[in-house]
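The structure appears below as structure tokens.
On a predicted model such as this, the values are computed, not experimentally measured, just so you know. Residue numbers begin at 1 in each chain, while the letters A, B, ... track the order of the sequences.
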Amino acid sequence: MPMPTVLEEIQTEIKSMLAAGFAKAHEAGLLPALENDIQLEVPREKEHGDFASNVAMASAKQMKMPPRRIAEIVVSNVDTAGSVVNRLEVAGPGFINVFLDQKWLYRAIRRALEEGERYGCTDTGRGKKVLVEFVSANPTGPMVVVQARAGAIGDTLVNLLNMAGYCAKREFYINDSGNQVRNLGRSLDARYKQALGMDVPVPEDGYPGEYLISMAQELVKEEGDRLLSMDDEARIEFMASYAVRKNLEAQRRSLERYGVRFDIWSSQKALEESGALEHTLALLKQRGYTYEKDGALWFRSTAFGDDKDRVLVKNNGDVTYFAPDIAYHLNKYQRGFEELIDLLGPDHHGYIGRMSAAVQALGYPASSFEILIVQLVRLVSRGESVRMSKRGGTFITMDDLLDEVGRDAARFFFLMRAPDSPMDFDTDLAKVQGNENPVFYVQYAHARICSIFRQAEEVGLKMPPLESVDLSVLGDASELDLAREVAYWPHEVIDAARNREPHRITKYLMDLAQLFHTFYTRCRVIGEREDVSLARLALIKAVQITIASGLRALGVSAPDRM
RNA sequence: GCGCCUGUAGCUCAGCGGAUAGAGCAUCUGCCUUCUAAGCAGAGGGCCGCAGGUUCGAUCCCUGCCAGGCGCGCCA
């Protein structure tokens, strides 16, 4: 049984009132029957009411009447007596502005307090199983800054989906098979030999990063030179799996530090060993979407709108990267997930068409698969960009960033921008322990509230059962603004989850914190008349719950004091 | 050449069909005997890249152009 949010309850009430107004006007022969849905929006300007509807404008064409005229007729046929609606007005080009009695805000405050930590959670997603795959860094080295961005976004997206009532899981795909892993093995092999004093170059297509040097030294410490006696093929394989294991451990540690914990680690190698690849190719073949040309096996991705067909098996018998990835996605569906979301870097955007085609060829709806492109990050310090070059072996890793700015700032900053827009990350600003830094601004609001509760306890001010608190003593604009913002929270979560826009949450929290700080300077909680103090305690409790909930979703801490 | 992302305040970015285009930073002016001034109030600052089109209405949608970034393998 879906539990509507306070906002939904109110909107439903308003909509049915307006619908009744339309119906009444229609019966009286004043208006044609209403065909459009009645939409409500929250106006930008407060002077335009708590909600506004554009239904008159939207119906103007159909009703062949000027929008303002329609709106006026409707408004004069609506009965607002005894409802939460105080008054209706027609404004601008034909908006119907709805002004509510402030008592609806009490419901929002009460709801937040009743639901506590669960406030913001809804069952919008109806338990739909969603798999979000992100980061999936190749196990060929430490993780870099873009992956930190993807990590923050993916992790938060899963939190938001779960809050919105989906059953979402985070998955890390381990690319522990294929050419690059072999190259990694060869690179480590060279470093190993170097560590033993041999003059061997790192292979040209190998990995030059310095982390392999220390890994090789460690390997020498563990194994001495005895690996030299293995035959080349076996040694490289050993090197490869050793390096993969070490790199993965390091990645997992970094992620842990960053507050990202994956529900599932999925190994490409294991999947391939299960025969999934052959099975998938057979399935594609059986469904008639493959053909042979130039000695290679092709997938007819153009049948689903891709610009060209793609090779699955090369003419030398090797599979492409694409083929096992199809198998992997099939495997995700077979594990019961109904919706798949992949976060990928911008260099993979060309991949969208073919993978979407593959999903459809396997019989799954195009809408069940989605690739989110996480755009590049440029680190900026003192107005200059910090150069990163993977090829030169010098790059700024996720750990470097965590050392530099800390987890809270790193996550919050990445979550201030839309995933698909390239961003500059100002490391100087992120380090500031002050009001210029948005993350501190939000956390400070939370800490201030905690501080008030500590003080309240000291002076023996205790909140009685919620029912006996009279919220009607709230009246300052800053109090009502706060309550209204709190009422929006569940919908912020829903919208952010549905549109895959975690950055809405940071924006929301900055707004909410702003409103709180304004309230804080205008109104005192302790030392007022008791009923006022109690009502304000209830209000700021609701705010505290909401900020904590929001920060939790972002994976950012909500300190009790600062 | 083709594809994707991006052009909005001095800087970094929100907004993406509605009524006077917003925030943070930076700049300037005020505000601490009272729950944390890591705060608040206020001011200045904008041909929303350019040109057409669709619409009652466009920063938002469509087309073309200009600029920046990133891709375009039987690599992964």
Ranking B/C4, B/G73, B/C13 by distance to the side chain of A/His349, first place goes to B/C4
Considering only heavy side-chain atoms of A/Ala418, the closest of B/G71, B/A14, B/C35 is B/A14
Paired runs of 3 or more consecutive Watson-Crick or G-U pairs involving RNA chain B, with both pairing distances under 3.5 Å, are B:1-7 with B:66-72, B:10-13 with B:22-25, B:27-31 with B:39-43, B:49-53 with B:61-65
Between [X] and [Y] (salt bridge meaning N to carboxylate O under 4.0 Å), is one present in this structure?
X: A/Arg186; Y: A/Asp205; answer: yes
X: A/Glu501; Y: A/Arg504; answer: yes
X: A/Asp342; Y: A/Lys332; answer: yes

Report yes if a donor N or O on one partner sits less than 3.5 Å from an acceptor N or O on the other, where the partners are the side chain of A/His348 and the base of B/G71; otherwise report no.
no
(message) Quick check: any donor-acceptor pair below 3.5 Å linking the side-chain of A/Asn97 to the base of B/A19?
(response) yes
message: According to a cutoff of under 5.5 Å between the ring centres and under 30° between the ring planes, does A/Tyr441 stack with the base of B/A38?
response: no
Under 5.5 Å centre to centre and under 30° between planes: does that hold for A/His517 and the six-membered base ring of B/A37? no
In A/Glu47, A/His48, A/Glu89, the residue satisfying side-chain contact (heavy atoms from CB on, under 4.5 Å) with A/Phe99 is A/Glu89
On RNA chain B, more 5' by nearest nucleotide between A/Asn54 and A/Asn315 is A/Asn54
Practice item. Hey, can you tell me if A/Tyr520 and A/Phe516 have their rings parallel, tilted or perpendicular (30° and 60° cut-offs)? Key: tilted
- Message: Please verify the inter-ring angle class for A/Phe322 with A/Phe299; under 30° counts as parallel, over 60° as perpendicular, anything in between as tilted.
- Response: tilted
| message | So for atom CD, which belongs to A/Glu528, do other residues, nucleotides or ligands contribute more than 12 heavy atoms lying within a distance under 6.0 Å? | response | yes
Could you go through nucleotides 56-58 of chain B and list every protein N or O atom that sits under 3.5 Å from one of its N or O atoms, giving the distance for each pair?
none

(request) May I ask you to check whether A/Glu171 and A/Tyr328 show a side-chain donor-acceptor distance below 3.5 Å? (result) yes
Exercise. How about A/Gln443 and A/Asp408: does a side-chain donor come under 3.5 Å of a side-chain acceptor?
Worked result: yes
In terms of heavy-atom contacts, A/Ala548 and A/His446 come closest through CB-NE2, 3.9 Å
With sequence neighbours left out, the residues meeting side chain to side chain contact (heavy atoms under 4.5 Å, CB included) with A/Asp481 are A/Lys46, A/Arg484, A/Leu515
Contacts of A/Asp426 meeting side chain to side chain contact (heavy atoms under 4.5 Å, CB included) (sequence neighbours excluded), chain-then-number -> A/Asp428, A/Leu429
Between CD of A/Glu41 and C1' of B/A19 the distance, given in whole Å, is 10 Å
To the nearest angstrom, the CE-P distance between A/Met423 and B/A23 comes to 20 Å
Expected list for residues 523-530 of chain A near RNA chain B, using heavy atoms below 4.0 Å, is A/Cys523, A/Arg524, A/Val525, A/Ile526
Show each protein N/O and nucleotides 41-43 of chain B N/O combination with a separation under 3.5 Å, one pair to a line.
{"residue": "B/A41", "atom": "OP1", "partner": "A/Thr518", "partner atom": "OG1", "Å": "2.9"}

